[in-house]
> 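Sharing a structure below in structure tokens format, with a few things to ask.
Letters A, B, ... are given to chains in the order of the sequence lines, protein chains preceding strands, and every chain is numbered from 1.
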Protein chains: 2
Amino acid sequence: MKTELKAEPLYLKIKNHILGRIDSGEWMTTMRVPSENQLVKEFSVSRMTTNRALRELTDEGYLVRVAGVGTFVAELKAQSNPLEIHNIADEIRSRHHVYSAEVLKCEAIKVNDKIAAYMNIDTDVTLVHSLIIHKEQGIPIQLEDRLVNEDVVSGYGDQDFTKKTPYEYLIKQAPLQKVEHVVKAIMPTGSTKSLLDMSDQEACLLIERRTWTKGRVASTAKLYHPGSRYELSGLFKPE
Amino acid sequence: MKTELKAEPLYLKIKNHILGRIDSGEWMTTMRVPSENQLVKEFSVSRMTTNRALRELTDEGYLVRVAGVGTFVAELKAQSNPLEIHNIADEIRSRHHVYSAEVLKCEAIKVNDKIAAYMNIDTDVTLVHSLIIHKEQGIPIQLEDRLVNEDVVSGYGDQDFTKKTPYEYLIKQAPLQKVEHVVKAIMPTGSTKSLLDMSDQEACLLIERRTWTKGRVASTAKLYHPGSRYELSGLFKPE
DNA sequence: TAGATATAGTTGTATATACAACTTAACATT
DNA sequence: AATGTTAAGTTGTATATACAACTATATCTA
């Protein structure tokens with residue numbers, strides 16, 4: 001067994017030195033921090049090394065730099081709190097509940113101008129339209145209304161989505177580059193309401209998801225959830 | 001009038017060149033990207049410049065580097081697509097819109113058993129209850145119903161929340177340890193509906209937020225948004 | 001006094017060089 | 001066949017140097 005002691009890089013030493021002063025409150029917000037040349041003398045390093053330390057701390061939001069003036073401790077920003085959106089089947093299974101799906105529709109369609117613009121395709125491209133109800137313990141929990149560009153994701157229309165969710169097929173078939181989510185609260189239409197077995201005066205949580213592969217929109221989906229039976233939750237711990 | 005054409009730094013040229021290839025799909029996930037020395041030849045720059053470009057893209061999550069092997073396009077993690085929830089005032093200001101707030105209530109209250117359990121405190125602890133309407137361009141966009149434990153966050157009840165949002169005061173006063181979010185779609189109560197100036201048959205997007213400081217629940221908040229005027233959105237690129 | 005100019009200090013970028021640490025593949029030895 | 005060695009290529013860090021761009025201050029000039 002060998003216990004190696006890995007030396008900390010110099011630029012990291014300097015970064016941690018500065019972070020320590022900020023964390024301890026010794027260097028308060030808007031206060032000036034030593035210039036690159038001052039740090040060069042203090043730590044006996046080259047200016048490129050102090051430059052890297054200060055530049056990275058600036059990129060990370062701890063410092064603010066003004067050319068010709070100096071470097072200052074940044075003001076605290078409200079951190080952003082991520083909320084994760086999972087694949088519905090995984091989510092249900094993680095609760096040790098029974099997942100099932102009902103495929104209402106899976107067919108080729110022609111697109112209108114609005115959809116073509118949203119998916120960044122020509123109007124002559126044919127898409128596959130799938131409509132699926134996802135159930136937890138037999139109770140509807142998500143209505144998935146999806147459009148897929150088979151030029152990007154081939155073979156989509158031939159899948160059995162009672163075995164594997166569209167999302168699972170998509171990520172397996174073509175690795176995702178980018179995912180956009182929009183979460184809304186809406187009142188459901190009559191058909192959505194009945195398909196999800198929702199009561200009157202029940203709101204609907206809608207997630208609109210758009211996924212990119214190879215620089216193109218592979219798929220768009222509207223995921224409707226009954227407000228009384230579904231919620232998004234996330235726990236965020238910094239560091 | 002002088003129209004200066006600011007030259008793009010070389011390291012940025014290289015970064016954008018690589019980002020373009022990734023975005024277009026030309027360079028797929030896990031695919032190898034040119035080495036630093038190859039980029040040196042291609043762009044006629046020094047290795048330090050290509051190193052900076054690749055290093056920054058790695059810090060930003062677009063690339064993965066392995067010493068002795070090479071640099072590769074990063075993979076997207078399929079199962080966790082974070083959605084960020086921001087401070088409402090920052091969000092409105094980032095749209096270059098006018099933010100304003102109306103404080104309806106800010107007073108000490110006694111808690112019942114349910115709240116005591118939710119905030120993990122004794123029933124004899126007094127909390128401050130604040131009720132604030134946040135407006136974008138004068139139009140209500142969030143009703144914030146908040147309870148704050150002043151044992152954890154002192155001086156909360158004495159703030160002027162038309163100047164600074166409760167959230168901003170909280171994070172400044174006591175650094176957050178943990179934040180929990182739950183997003184729901186509900187039908188608003190009569191008072192919520194009228195305070196947010198919502199129409200009939202309009203759903204409400206509710207975010208329940210609980211924040212911890214020093215191991216204790218510092219504050220809980222219910223953030224009500226009119227469904228027609230507010231949505232959560234997130235764009236997820238490789239981390 | 002008002003405006004122009006020089007100057008010193010700061011950050012921002014870029015180069016050429018060097019060596020260390022690591023990985024893979026080819027080769028040599030046992 | 002298994003093991004050790006070498007070599008080439010890669011990333012990671014660090015230095016010394018250079019110049020450009022910017023800012024604030026002091027100084028000079030009309």
Side-chain angles (χ1 to χ4, degrees), chain A residues 1-19 21-22 27 29-75, chain B residues 1-19 21-22 27 29-75 238-239:
Chain A
M1 166 174 160
K2 55 177 175 179
T3 50
E4 295 227 0
L5 195 62
K6 202 170 189 177
E8 192 182 29
L10 295 176
Y11 78 93
L12 261 185
K13 269 204 182 74
I14 299 172
K15 282 182 71 175
N16 288 332
H17 171 261
I18 295 171
L19 276 179
R21 300 301 176 91
I22 294 175
W27 291 352
T29 256
T30 72
M31 196 170 282
R32 180 163 195 177
V33 311
S35 74
E36 296 184 355
N37 284 322
Q38 286 173 320
L39 290 171
V40 162
K41 287 174 193 162
E42 184 177 351
F43 287 89
S44 299
V45 296
S46 78
R47 202 197 129 207
M48 284 304 294
T49 300
T50 62
N51 176 269
R52 176 169 177 182
L54 293 177
R55 179 157 43 79
E56 290 193 359
L57 286 174
T58 302
D59 290 341
E60 292 162 18
Y62 294 103
L63 302 177
V64 172
R65 314 195 76 190
V66 182
V69 182
T71 304
F72 307 87
V73 178
E75 298 203 40
Chain B
M1 161 177 155
K2 56 177 181 180
T3 50
E4 294 227 359
L5 195 62
K6 201 170 188 177
E8 192 181 32
L10 295 175
Y11 78 94
L12 260 186
K13 269 206 182 74
I14 298 172
K15 281 182 72 174
N16 288 332
H17 172 261
I18 294 170
L19 275 180
R21 300 303 176 89
I22 293 175
W27 291 353
T29 260
T30 74
M31 199 171 280
R32 182 165 194 175
V33 312
S35 73
E36 296 185 354
N37 284 321
Q38 286 173 321
L39 290 170
V40 163
K41 287 175 193 163
E42 184 177 351
F43 286 89
S44 301
V45 297
S46 79
R47 201 196 128 208
M48 284 303 295
T49 301
T50 62
N51 175 269
R52 176 169 178 184
L54 293 177
R55 179 157 43 79
E56 290 193 0
L57 286 173
T58 302
D59 291 341
E60 292 161 18
Y62 294 103
L63 302 177
V64 172
R65 314 197 77 189
V66 182
V69 182
T71 304
F72 307 88
V73 178
E75 277 193 78
E239 81 173 27

> Please determine if a side-chain N or O atom of B/Y11 lies less than 4.0 Å away from the OP1 or OP2 oxygen of C/dA14.
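Checking B/Y11 against C/dA14: no side-chain N or O falls below 4.0 Å of OP1 or OP2.
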> Quickly work out the A/E36 CD to C/dT13 C1' distance and round it to whole Å.
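Interatomic distance, CD of A/E36 to C1' of C/dT13: 11 Å.
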> Over all strands shown, is A/R52 touching base, sugar-phosphate only, or nothing at heavy-atom distances under 4.0 angstrom?
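Result for A/R52 = sugar-phosphate.
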> Between A/T71 and C/dT11, does any side-chain N or O lie under 4.0 Å from OP1 or OP2?
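Yes.
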> Given C/dT23, D/dG12, D/dT23, identify the nucleotide with an atom nearest to the side chain of B/V69.
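Among C/dT23, D/dG12, D/dT23, the one nearest the side chain of B/V69 is C/dT23.
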> Could you tell me how far apart B/R47 (CZ) and C/dT15 (P) are, to the nearest whole angstrom?
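Result: 13 Å.
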> Rounding to a whole Å, what distance do you find between A/L57:CG and C/dT11:C1'?
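Rounding to the nearest Å, CG of A/L57 and C1' of C/dT11 are 15 Å apart.
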> Looking only at side-chain N and O atoms, does B/S46 come under 4.0 Å of OP1 or OP2 in C/dT17?
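Negative; the distance criterion is not met.
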> Using whole Å, report how far CD1 of A/I14 lies from C1' of D/dT15.
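These atoms are roughly 13 Å apart.
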> For DNA chain C, whose closest nucleotide is more 5', that of A/A67 or that of B/G68?
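Here A/A67 is the residue nearer the 5' end.
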> Does the side chain of A/I14 come within less than 4.5 Å of A/V45's, by heavy atoms?
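The answer is yes; the side chains approach within 4.5 Å.
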> Once rounded to the nearest 0.5 Å, what's the spacing between atom OG1 of B/T50 and atom CZ of B/R55?
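Separation between the atoms: 10.5 Å.
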> Is the phosphate of C/dT10 approached by A/R65 (side-chain N or O, under 4.0 Å from OP1 or OP2)?
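So the side-chain polar atoms of A/R65 never come under 4.0 Å of the phosphate oxygens OP1 or OP2 of C/dT10.
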> Between atom CG in A/L39 and atom P in D/dA14, what is the gap in whole Å?
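Going from A/L39 (CG) to D/dA14 (P), I get 14 Å.
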> CD of B/E56 versus P of C/dG12: gap in Å, rounded?
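After rounding, the gap between these two atoms is 12 Å.
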> Name the closest nucleotide to the B/M48 side chain, picking from D/dT15, C/dG12, D/dT10.
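That would be D/dT15.
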> For B/F43 and C/dA14, give me the distance from atom CZ to atom P, rounded to whole Å.
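Roughly 13 Å, once rounded to whole Å.
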> Could you give the distance from CZ (B/R21) to CG (B/L19), rounded to the nearest 0.5 Å?
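Between atom CZ of B/R21 and atom CG of B/L19 there are 12.0 Å.
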> Of B/R55 and A/V66, whose closest DNA chain D nucleotide lies nearer the 5' terminus?
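Whichever sits nearer the 5' end wins; that is B/R55.
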> Given D/dT11, C/dT13, D/dA14, identify the nucleotide with an atom nearest to the side chain of A/N51.
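When the side chain of A/N51 is considered, C/dT13 is the closest of D/dT11, C/dT13, D/dA14.
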> Out of curiosity, A/W27 CH2 to A/I22 CD1, how far, rounded to the nearest 0.5 Å?
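One finds 7.5 Å between CH2 of A/W27 and CD1 of A/I22.
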> Can you check whether B/T49 has a side-chain N or O nearer than 4.0 Å to OP1 or OP2 of C/dT15?
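Checking B/T49 against C/dT15: at least one side-chain N or O falls below 4.0 Å of OP1 or OP2.
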> Decide yes or no for B/R65 and B/E36: does some side-chain heavy atom of the first lie under 4.5 Å from some side-chain heavy atom of the second?
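Result yes, sub-4.5 Å side-chain heavy-atom pair found.
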> What nucleotide among C/dA14, D/dA18, C/dT10 has an atom nearest to a side-chain atom of B/L10?
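Output: C/dA14.
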> Can you check the A/N37 CG to D/dA16 C1' distance for me, whole Å?
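Computing the A/N37:CG to D/dA16:C1' distance gives 13 Å.
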